[in-house]
Protein chains: 2
Amino acid sequence: MSRNDLASSACSVARSIEKVGDTWSLMLLREFFLGTRRFEALHKNTSISPHVLSGRLKAMCEEGVIEKRQYSEHPPRDEYVLTQKGRDLWPVVLALKAWGDRWLDGPQAVTLRHRSCGQVMQPVITCQACGQAVTPRDVVTEIGEEFAGERCTCRSEG
Amino acid sequence: MSRNDLASSACSVARSIEKVGDTWSLMLLREFFLGTRRFEALHKNTSISPHVLSGRLKAMCEEGVIEKRQYSEHPPRDEYVLTQKGRDLWPVVLALKAWGDRWLDGPQAVTLRHRSCGQVMQPVITCQACGQAVTPRDVVTEIGEEFAGERCTCRSEG
DNA sequence: AGGCTAGCTTCCGTATTTGAAGGGAGTCAA
DNA sequence: TTGACTCCCTTCAAATACGGAAGCTAGCCT
């Protein structure tokens, strides 16, 4: 199976991965959330080669994650900005950052500060319904009956 | 630049992406969070070719995201389970799922139910310090002075 | 006229991935 | 004890993607 076939997966995680789950798309998302908008700046900050960059930008436009916006008529110049669909990917990038800060050594070039409380922002996932913090153990995974048969579930217990 | 150079990036997002930010690693993480542990089951559920699968599992073991555990002596059989470092990637997978559920059409094979409140789990990101829900607009991005010079920040305002 | 910038595209050699096939170590049933 | 079967991979050839450098176009600027 190739990457593209993930689009037709029954799993929304797989479908998301097909759209934005590759190294360069994720790097570009980081960059967009940092405020970068232009081709040359994206190229310099991410070191993505122009060829790959132009392909990714095109794909992300088609997917509606970003959109092209002309910021100058003479000369005609475009910049790329996140759409709402794109901005909704913030939790993904944030989660990667939090994990890296926690588990990977290295400098921490970027800090997020919560405007309203003034503290350095440490993200916590909570349940919208009850507001409690949530970890994997707090949730039950329910697989729709119509999909259960498709999955190979062999595993040992314990 | 190649993917591997991301490891030495000043940005923890980039470092995370280098470790787990590729299609097949993300697919494997999804699968591990669904409880799959064995080579054959991982292969069948993700359609990752055995060659790539064995490479990714090896890499993820070396990174400490998963570990090999023998579940049978005769015949010798191993399974792969998430370490704490790996379980901490749950927010990443969860964020991808939430985004896919919101923005991509298709069946929703998996539902997460919050054990304690009984509701279908919709993740919200909150600030650990104050407990409030957070969106990108609520945080200020602070780039360490020693890194600011490295970045190309050209952009138009507005 | 000549040089500069932004935003790409083209080219080519290398690296990675896919897909199919194979292999080894062990169990099981006849 | 022979043959079939399972699990966990490994090997190989062909297709694909990527990296790095160069080039190209339109429109400044002097």
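As the structure is a computational prediction, the values presented were derived from the model and not from experiment. Note that these values count all heavy atoms, side chains included, but never hydrogens, waters or copies made by symmetry. In what follows, chains are A, B, ... by sequence order, proteins preceding strands, each numbered from 1.
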Check nucleotides 27-30 of chain D for protein N or O atoms closer than 3.5 Å to its own N or O atoms and list the pairs.
residue	atom	partner	partner atom	Å
D/dC28	OP1	A/H74	O	3.1
D/dC28	OP1	A/P75	N	3.3

Below 3.5 Å between N/O atoms, which protein atoms pair up with nucleotides 8-14 of chain C? Just atom names and distances, please.
residue	atom	partner	partner atom	Å
C/dC8	OP2	A/Y80	OH	2.7
C/dT9	OP2	A/S54	OG	2.7

Report all side-chain donor-acceptor pairs from residues 53-62 of chain B shorter than 3.5 Å, counting only partners two or more places apart or in another chain.
residue	atom	partner	partner atom	Å
B/R56	NE	B/D22	OD2	2.9
B/R56	NH2	B/D22	OD2	3.0

Output side-chain donor-acceptor pairs under 3.5 Å for residues 121-132 of chain A, partner residues at least two apart or in another chain, one line each.
residue	atom	partner	partner atom	Å
A/T126	OG1	B/V124	O	3.2
A/Q132	OE1	B/S116	OG	2.9

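Looking at residues 22-30 of chain A, you'll see that no heavy atom sits under 4.0 Å from any atom of DNA chain C. Contacts between residues 4-19 of chain B and DNA chain D, defined by a heavy-atom separation under 4.0 Å, are absent.
Inter-residue side-chain proximity for A/L42 and A/I48 is flagged as unmet; no heavy-atom pair is nearer than 4.5 Å. For the pair B/D78/B/R69, no side-chain contact is recorded, criterion being any heavy-atom separation below 4.5 Å from C-beta on. Between B/T141 and A/F33 the shortest side-chain heavy-atom distance does not fall below 4.5 Å. In this structure, A/L29 and A/W24 have side chains that are not in contact, with every pair of non-hydrogen atoms separated by 4.5 Å or more.
For A/D138, there are no salt bridge (Lys or Arg N to Asp or Glu O under 4.0 Å) partners at least two apart in sequence or on another chain. Residues forming a side chain to side chain donor-acceptor pair (under 3.5 Å) with A/T23 (at least two apart in sequence, or on another chain): B/R3. Shown here are the side-chain contact (heavy atoms from CB on, under 4.5 Å) partners of A/S49, two or more places apart in sequence or in another chain: A/H51, A/V52. By the side-chain contact (heavy atoms from CB on, under 4.5 Å) test, A/D88 is found to be paired with A/Q84, B/W99, B/R102, B/W103, residues two or more places apart in sequence or in another chain being considered.
Comparing the local axis fitted to the first five base pairs of the helix from C/dA1-D/dT30 to C/dA30-D/dT1 with the one fitted to its last five gives a bend of 0°, rounded to 10°.
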- Tell me, with the steps shown, if A/R38 and A/Y71 meet side chain to side chain donor-acceptor pair (under 3.5 Å). CA-CA 10 Å; A/R38 297 193 189 166; A/Y71 67 87; 3.3 Å; yes
- Task: In sequence, state the C-alpha distance, the side-chain angles, and the governing distance for A/S8 and A/R15, and then conclude on side chain to side chain donor-acceptor pair (under 3.5 Å).
- Result: CA-CA 7 Å; A/S8 57; A/R15 293 197 299 272; over 6 Å; no
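Note on B/R38: every side-chain N or O is 4.0 Å or more away from OP1 and OP2 of D/dC9. For the OP1/OP2 pair of C/dA6 and a distance below 4.0 Å, the side-chain nitrogens and oxygens of A/R37 include no atom meeting the criterion.
Applying the salt bridge (Lys or Arg N to Asp or Glu O under 4.0 Å) test to residues at least two apart or on different chains, the pairs with a partner in residues 113-130 of chain A are A/R113-B/E142.
Side-chain contact of A/T135 with B/R87: a donor-acceptor pair under 3.5 Å is absent, judged by distance alone.
In this structure, B/L53 places its CG atom 13 Å from P of C/dT17, rounding to the nearest Å. As rounded to whole Å, 15 Å separates atom C1' of D/dC8 from atom CD1 of B/I48. Note: CD (B/E79) to P (D/dC9) measures 12 Å, nearest angstrom. Per the geometry, NE2 belonging to B/H43 stands 13 Å off C1' belonging to D/dT10, to the nearest Å. Counting to the nearest Å, the P atom of D/dA17 and the CZ atom of B/R3 are 16 Å from each other.
The backbone N or O of B/S12 sits less than 3.5 Å from a side-chain atom of B/S16, completing a donor-acceptor pair.
Taking all atoms of both residues into account, the shortest heavy-atom contact from A/T83 to A/G64 is OG1-O, 2.5 Å.
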